[in-house]
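Sending over a structure as structure tokens; questions will come in a sec.
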Amino acid sequence: MSPSTSTPRAVVTGIGVTAPNGLGTEAYWAAARSGKSGIGRITRFDPSRYPARLAGEVPGFTASDHLPSRLMAQTDHMTRLALVAADWALADAGVIPDELPAYSMGVVTASSSGGFEFGQGELQKLWSEGSQYVSAYQSFAWFYAVNSGQISIRNGMKGPSGVVVSDQAGGLDALAQARRQIRKGTRLVVSGSVDASICPWGWVAQLAGGRLATGDDPGSAYVPFDASAAGHVPGEGGAILIMEDEAAAAERGATVYGHIAGYGSTFDPAPGSGRPPGLLRAAELALAEAGLTAADIDVVFADAAADPELDRVEAEALKALFGPHGVPVTAPKTMTGRLYSGAAPLDVATAFLAMRDGLVPATVNVDPDPAHELDLVTEARALPVRNALVLARGHGGFNSAVVAAAL
């Protein structure tokens, strides 16, 4: 059921991006339009001893160029990226937080692992030097909610805030929670996710999941919906979006990218239950809430797991909704790697940029497996976009879907 006309609509007025193929929204979008990849051999640590050695790392980021020195000692790399993305999103929206009531603004982000790199450093101090050398900031710098907390402190935002932890589906869940808060009366919510766990401790944790690609060629390691798909390449970064009450945004003359028209979330049944995966149902729920049918969707931004079984499940869900080759499907994350909980907000941001410019970015390096029967966008495609379906799945059975729509 669509929301009633009296329900406040949550519009997106600002976007901030830190991505492996572009630092800043327009740098990222230029790279995405041209098919430029940011995947390469890891430089944040020596990966030679590990079976997986590729990642998407944000280029040219020096936190001290953007943030005060007092924050350097108390923040993880992930949080620094998030703070800068939030600053850029607010600037893009034309929002000066000091000019708005503190309790009218909130922050809802997602996280998959928290500040792993900071935590690793403090654990190394504990083991090698003793507890007296462990930073007091370890108490929160590693925590899942730290990005929400630091963004809210930096910008004086005291309204409803929180964090969502549902692995790679979390970014969509955070946007949905932000929309929920706006419907309840909050004027503005900073939302989305920026994630980063490219450090030895975080890397070992990911390797334990058995889903990382182990090839050394950046051009062939992460190839979802390809017959040679054999795992994904992780990355760091994501997108922060400014979501506002539509009336409040209009009152201050804000430029609007679009709005979150629908959302659905499900959980996969236990293995062996005989029940189907929940991705299709999540997409159906999102469409129903948006008051749209499959025919109204112009493009799908796929989860694109690059796991043969998970790719099959996603392709089957899309065929059930749209029919074989029924809608253009793209996965720009093939240029960045899967950015943990930051991947899906970046897809939502990309969908709004595609609406703005009438161009759908490509799924690079992929030779589509005909068995999936998808209209996979393998070269950037000029296409009017008004409604985009964004899909995301998290390890352990999380499924989320969002419909991003033009006004």
Run R187 and E251 through salt bridge (charged side-chain N to carboxylate O under 4.0 Å, His left out) and show every step you take.
CA-CA 12 Å; R187 175 176 179 149; E251 182 180 346; 5.3 Å; no
Could you go step by step and tell me if T79 and D76 meet the side-chain hydrogen bond (donor to acceptor under 3.5 Å, both in side chains) rule?
CA-CA 5 Å; T79 301; D76 181 77; 5.3 Å; no
Go through the steps for S111 and S341 under the test side-chain hydrogen bond (donor to acceptor under 3.5 Å, both in side chains), then give the verdict.
CA-CA 6 Å; S111 179; S341 65; 5.3 Å; no
Could you check T350 against Y28 for side chain to side chain contact (heavy atoms under 4.5 Å, CB included), going step by step and ending with a plain yes or no?
CA-CA 9 Å; T350 307; Y28 160 74; 2.7 Å; yes
How many angstroms lie between OG in S191 and CD1 in I260, if you round to the nearest 0.5 Å?
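Those atoms lie 8.5 Å apart.
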I would like to know whether M72 and L67 meet side chain to side chain contact (heavy atoms under 4.5 Å, CB included); could you show each step before the answer?
CA-CA 8 Å; M72 295 300 103; L67 299 170; 3.7 Å; yes
What I'd like to find out is whether the side chain of P8 reaches to under 4.5 Å of the side chain of E246, using heavy atoms alone.
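SC-SC contact between P8 and E246 ruled out.
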Shortest non-hydrogen contact between S148 and V107, atoms and distance:
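Answer, listing the atom of S148 first, then V107: CA-CG1, 3.7 Å.
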Is K319 salt-bridged to E314, going by a charged N under 4.0 Å from an acidic O?
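No, K319 and E314 are not salt-bridged.
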Any donor-acceptor pair under 3.5 Å from K333 side chain to A302 backbone:
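Indeed, once roles are kept as given, a pair shorter than 3.5 Å links the two residues.
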Nearest 0.5 Å, please: how far is OG1 in T186 from CE in M105?
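It is 11.0 Å, given to the nearest 0.5 Å.
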Side chain S34, main chain A30, donor-acceptor under 3.5 Å:
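Yes, the answer is positive, given that a donor and an acceptor are paired below the 3.5 Å cut-off.
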E236 and H77, any side-chain heavy atoms less than 4.5 Å apart:
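Yes. Closest side-chain heavy atoms under 4.5 Å.
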Side chain to side chain, Q206 and S197, heavy atoms closer than 4.5 Å
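The answer is yes, as the side chains (C-beta and beyond) meet within the 4.5 Å cut-off.
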Taking D298 first and then R386, would you say they form a salt bridge - that is, a charged N and a carboxylate O separated by under 4.0 Å?
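No salt bridge links D298 with R386.
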Just do the side-chain hydrogen bond (donor to acceptor under 3.5 Å, both in side chains) check on Q168 and S112 with the steps written out, would you?
CA-CA 7 Å; Q168 302 212 32; S112 68; over 6 Å; no
Are Y340 and F116 an aromatic pair by the rule of ring centers under 6.0 Å?
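Between F116 and Y340, which both carry aromatic rings, the centre distance is not below 6.0 Å.
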V190 side chain reached by N155 side chain, heavy atoms, under 4.5 Å
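Of all side-chain heavy-atom pairs linking V190 with N155, none is under 4.5 Å.
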Let me see the working for M243 and V11 under side chain to side chain contact (heavy atoms under 4.5 Å, CB included), right down to the final yes or no.
CA-CA 5 Å; M243 297 174 63; V11 297; over 6 Å; no
For T266 and G264, indicate whether the former's side chain and the latter's backbone hold a donor-acceptor pair under 3.5 Å.
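Side chain of T266 to backbone of G264, a donor-acceptor pair under 3.5 Å: no, none is there.
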Check the side chains of D173 and Y263 for a donor-acceptor pair under 3.5 angstrom, ignoring hydrogens and angles.
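A donor-acceptor contact under 3.5 Å links the two side chains.
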Would you say the side-chain atoms of D357 pair up with the backbone N or O of L359, donor to acceptor, closer than 3.5 Å?
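Not at all, since once roles are kept as given, no pair shorter than 3.5 Å links the two residues.
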Say whether, by atom type as modelled, one donor and one acceptor occur between the side chain of N399 and the main chain of G397 under 3.5 angstrom.
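Such a contact is found between N399 side chain and G397 backbone.
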NZ/NE/NH1/NH2 to OD/OE distance under 4.0 Å, D303 and R338:
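The answer is yes: the pair qualifies as a salt bridge.
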Kindly indicate, with the supporting measurements, whether the criterion side-chain hydrogen bond (donor to acceptor under 3.5 Å, both in side chains) is fulfilled by T378 and T363.
CA-CA 5 Å; T378 55; T363 307; over 6 Å; no
When rounded to the nearest 0.5 angstrom, what is the spacing between CG in D217 and CG in L54?
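Answer rounded to 0.5 Å: 8.0 Å.
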Check the pair Y50, F45 against ring pair (Phe, Tyr, Trp, His ring centres under 6.0 Å), reporting the backbone distance first and the verdict last.
CA-CA 11 Å; Y50 300 88; F45 65 93; 5.6 Å; yes
Any salt bridge linking D46 with R53? Criterion: basic side-chain nitrogen under 4.0 Å from a carboxylate oxygen.
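Salt bridge absent between D46 and R53.
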Nearest non-hydrogen partners of M157 and G106, listed with the distance:
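So the two residues come closest at SD-O, 4.2 Å.
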Does the side chain to side chain contact (heavy atoms under 4.5 Å, CB included) test come out yes or no for L188 and V95, once each step is laid out?
CA-CA 10 Å; L188 178 151; V95 170; 3.7 Å; yes
Say whether, by atom type as modelled, one donor and one acceptor occur between the side chain of D226 and the main chain of P368 under 3.5 angstrom.
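Side chain of D226 to backbone of P368, a donor-acceptor pair under 3.5 Å: no, none is there.
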Do P20 and E57 make a side-chain contact, defined as non-hydrogen atoms from C-beta onward lying under 4.5 Å apart?
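No, every pair of side-chain atoms sits at 4.5 Å or beyond.
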Is it true that a side-chain atom of D268 and a backbone atom of P277 form a donor plus acceptor pair closer than 3.5 Å?
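Not a single qualifying donor-acceptor pair exists.
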So does D87 pair up with R154, basic N to acidic O under 4.0 Å?
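So D87 pairs with R154 through a salt bridge.
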Side chain to side chain, I42 and W203, heavy atoms closer than 4.5 Å:
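Yes, at least one pair of side-chain atoms sits under 4.5 Å.
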Which heavy atom of T214 sits nearest a heavy atom of P51, and at what distance?
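Closest pair (atom of T214, atom of P51, distance): CB-O, 3.4 Å.
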Are the side chain of Q181 and the backbone of Q177 linked by a donor-acceptor contact shorter than 3.5 Å?
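Pair absent, no side-chain N/O of Q181 close to backbone of Q177.
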Out of curiosity, T334 OG1 to F225 CZ, how far, rounded to the nearest 0.5 Å?
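The OG1 atom of T334 sits 10.5 Å away from the CZ atom of F225.
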Taking T109 for the side chain and V163 for the main chain, is one N or O donor matched with an acceptor at less than 3.5 Å?
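A pair under 3.5 Å: no.
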Can we say R211 and D307 salt-bridge, meaning some charged N sits less than 4.0 Å from an Asp/Glu carboxylate O?
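Judged by the 4.0 Å cut-off on N to carboxylate O distance, R211 and D307 do not form a salt bridge.
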Taking all non-hydrogen atoms of both residues, which atom of L172 and which atom of A392 are closest, and how far apart?
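Looks like CD1-CB, 3.8 Å.
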Y257 and F352 aromatic ring geometry - parallel, tilted or perpendicular at 30°/60° bounds
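Aromatic pair F352/Y257 classed tilted.
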Measuring from L83:CG to M78:CE, what's the distance to the nearest 0.5 Å?
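With rounding to 0.5 Å, CG (L83) is 9.5 Å from CE (M78).
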Between R80 and T75 (side chain of the first, backbone of the second, donor and acceptor by atom type, cut-off under 3.5 Å), is there such a pair?
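Yes, because the side chain of R80 sits within donor-acceptor range (under 3.5 Å) of the backbone of T75.
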Does the side chain of T13 pick up a donor-acceptor pair with the side chain of E244 at under 3.5 Å?
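Their side chains do contain a donor-acceptor pair, which is all the 3.5 Å distance test asks for.
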T336: which of I39, V58, N21, V233 passes side chain to side chain contact (heavy atoms under 4.5 Å, CB included):
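It is N21, the one option of I39, V58, N21, V233 that forms the side chain to side chain contact (heavy atoms under 4.5 Å, CB included) with T336.
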E26/R356 salt bridge by N-O under 4.0 Å criterion
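Looking at R356 and E26, the cut-off is met.
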How far apart are the closest heavy atoms of S265 and L285, and which atoms are they?
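It is O-CD1, 4.2 Å.
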Is any side-chain heavy atom of V364 closer than 4.5 Å to a side-chain heavy atom of E379?
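No - every pair of side-chain heavy atoms lies 4.5 Å or more apart.
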Flag the pair V329 / L318 as yes when at least one side-chain heavy-atom distance between them is below 4.5 Å, and no otherwise.
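A side-chain contact under 4.5 Å exists here.
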Taking all non-hydrogen atoms of both residues into account, name the closest pair between D195 and S113 and its distance.
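Nearest pair, atom of D195 first, then S113: OD1-OG, 4.1 Å.
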